[in-house]
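Inspection log for the structure reproduced underneath, given as structure tokens.
Starting from 1, each residue takes its place in the sequence as its number. All ligand and atom numbering here is 1-based and tracks the order in the structure. No experiment lies behind these values; they were computed from the predicted model shown.
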Amino acid sequence: MESIGVLMACPMNTYLERELEKRFTLFKFWDFPDKALFLDTHRNTIRAVVGNATAGADGELIENLPNLEIVSSFSVGLDKIDLAKCREKGIRVTNTPDVLTEDVADLAIGLILAVLRRLCESDRYVRSGKWKKGDYKLTTKFTGKSIGIIGLGRIGLAIAKRAEAFSCPISYYTRTKKSDVNYTYYPSVVELASNCQILIVACPLTEQTRHIINREVIDALGPKGVLINIGRGPHVDEHELVPALVEGRLGGAGLDVYENEPEVPEELFGLENVVLTPHVGSGTVETRTAMADLVLGNLEAQFLSKPLLTPVV
Ligand code: 8YV
């Protein structure tokens, strides 16, 4: 398999890079500033693209790789891949489901606790010596708060399971009502937001879910409501979110993802009711290694003509 060209779209994981280098001829796209020249030279060699949540395979790249057989994403999200084009051209697509579910759900709960109990602010309070001058202010209880989840797939369900352990009533929005869960269903995101205290975005990013958190939803969640986003940045209209938080029309937010990563609206930096993490939902050594192993397993399966481990297309 050493002669098979694999194109890595952007830096993502050193273990994966090393293992790809051992097995294939690896091209790191970021090493080639002149993309057109790179493609002119190597387009026929490349049979696989490895992408992630930052860069994948758009229509233009796919058109430029005539021998592309598979796009194997180091992510569960597929929004950086032109799936329609892959289907049309018979290019296989794989992702990394299941292995990251628990970590992302854990982070969602962590963000809720961090926002409600002001964990980051309290940490700064202790470190700056302020405790010596007086006790920290009171915060807000998590246990028992009503939770609304947008998207009840693997990650949404894992969040719901955790929130149940905190005695939280759970409701959700999905395009179609689920017959196999007992949580309360709302047929619109606005209704969900009107009926919960903590709203969590856990659905895939598609044209239909882009800006699913808009002004109307933010107003429905209101000054006591908290938004948690562990999905994708473009789920949230940041031009609406930022002023709502600054003006106190929304109670708080825990955000792991942003519209223009790694850019984060600076207006949020001074807000103590907001907790910001740098897209680290799946970011543990254990999970990223499992994700890398899935990418490698899918590529090997493809080139040994075996069934793919986690096929999407
Ligand atoms: C990663 C993700 O952050 O799985 C996803 O959809 O967003 C993440 O797990 C990313 O792909 C790691 O490079």
Side-chain angles (χ1 to χ4, degrees), residues 6-20 26 28-30 48-58 61 70-83 86 93-111 149-159 200-210 212-213 228-236 238 254-264 276-299 308-313:
V6 173
L7 176 65
M8 212 173 187
C10 62
M12 52 194 92
N13 180 269
T14 45
Y15 162 71
L16 176 59
E17 240 175 70
R18 246 194 350 260
E19 293 304 312
L20 286 170
L26 182 65
K28 301 175 193 172
F29 216 11
W30 62 97
V49 169
V50 173
N52 72 349
T54 306
D58 58 15
L61 181 64
I70 181 167
V71 179
S72 185
S73 198
F74 182 70
S75 69
V76 69
L78 297 159
D79 44 288
K80 290 286 196 263
I81 304 171
D82 189 333
L83 294 175
C86 289
V93 177
T94 63
N95 65 346
T96 58
D98 298 317
V99 293
L100 48 66
T101 301
E102 311 294 339
D103 274 358
V104 179
D106 290 352
L107 185 73
I109 299 296
L111 284 172
I149 304 175
I150 303 174
L152 210 58
R154 300 176 184 89
I155 294 172
L157 280 170
I159 294 168
I200 305 174
V201 184
C203 59
L205 178 64
T206 63
E207 271 320 303
Q208 292 72 43
T209 63
R210 187 174 296 272
I212 199 165
I213 305 298
I228 302 292
N229 190 5
I230 47 77
R232 285 285 184 265
H235 281 130
V236 176
E238 281 180 1
L255 308 172
D256 186 45
V257 288
Y258 310 88
E259 277 204 90
N260 297 304
E261 292 171 13
E263 299 301 325
V264 177
L276 308 167
T277 52
H279 199 148
V280 290
S282 67
T284 65
V285 174
E286 297 89 335
T287 291
R288 289 280 167 87
T289 304
M291 289 164 67
D293 286 336
L294 261 185
V295 169
L296 295 163
N298 277 307
L299 292 178
L308 299 178
L309 307 179
T310 49
V312 178
V313 173

Close N or O approach (Thr96, ligand 1; < 3.5 Å): no
With a 4.0 Å heavy-atom cut-off (strictly under), which part of Ala53 contacts ligand 1: side chain, backbone, both or neither? both
Contact (N/O only, under 3.5 Å) between Phe74 and ligand 1: yes
Quick one: look up the protein heavy atom nearest atom 9 (O) of ligand 1 and list residue, atom name and how far away it is. Ser282 OG, 2.7 Å
When you measure from the side chain of Glu238 to the backbone N and O of Glu259, does any donor-acceptor pair fall under 3.5 Å? yes
Test of understanding: with side-chain hydrogen bond (donor to acceptor under 3.5 Å, both in side chains), list the residues that count as partners of Asp103, not counting sequence neighbours. Thr284, Thr287
Side-chain donor-acceptor pair present, Asp293, Tyr15, cut-off under 3.5 Å: yes
One pair to check against side chain to side chain contact (heavy atoms under 4.5 Å, CB included): Ile230 and Leu111. What are the steps and the verdict? CA-CA 9 Å; Ile230 47 77; Leu111 284 172; 4.0 Å; yes
Is any side-chain N of the basic residue among Lys80 and Asp58 closer than 4.0 Å to the acidic one's carboxylate O? no
Quick one: look up the protein heavy atom nearest atom 6 (O) of ligand 1 and list residue, atom name and how far away it is. Arg232 NH2, 2.7 Å
So which bit of Leu100 gets within less than 4.0 Å of ligand 1, heavy atoms only: side chain, backbone, both or neither? side chain
What protein heavy atom sits nearest atom 13 (O) of ligand 1, and how far away is it? Asn52 ND2, 2.9 Å
Please check this pair: side chain of Thr310 against backbone of Asn95, looking for a donor-acceptor N/O pair closer than 3.5 Å. yes
Would Gly77 count as being in polar contact with ligand 1, using the rule that some N or O on each side must be under 3.5 angstrom apart? yes
One finds that the ligand 1 atoms under 4.0 Å from a non-hydrogen atom of Met291 are 9 (O)
Judged by modelled atom types alone, do Thr277 and Asp256 share a side-chain donor-acceptor pair under 3.5 Å? yes
Return the residue, atom name and 0.1 Å-rounded distance of the protein heavy atom closest to atom 4 (O) of ligand 1. Val76 N, 2.7 Å
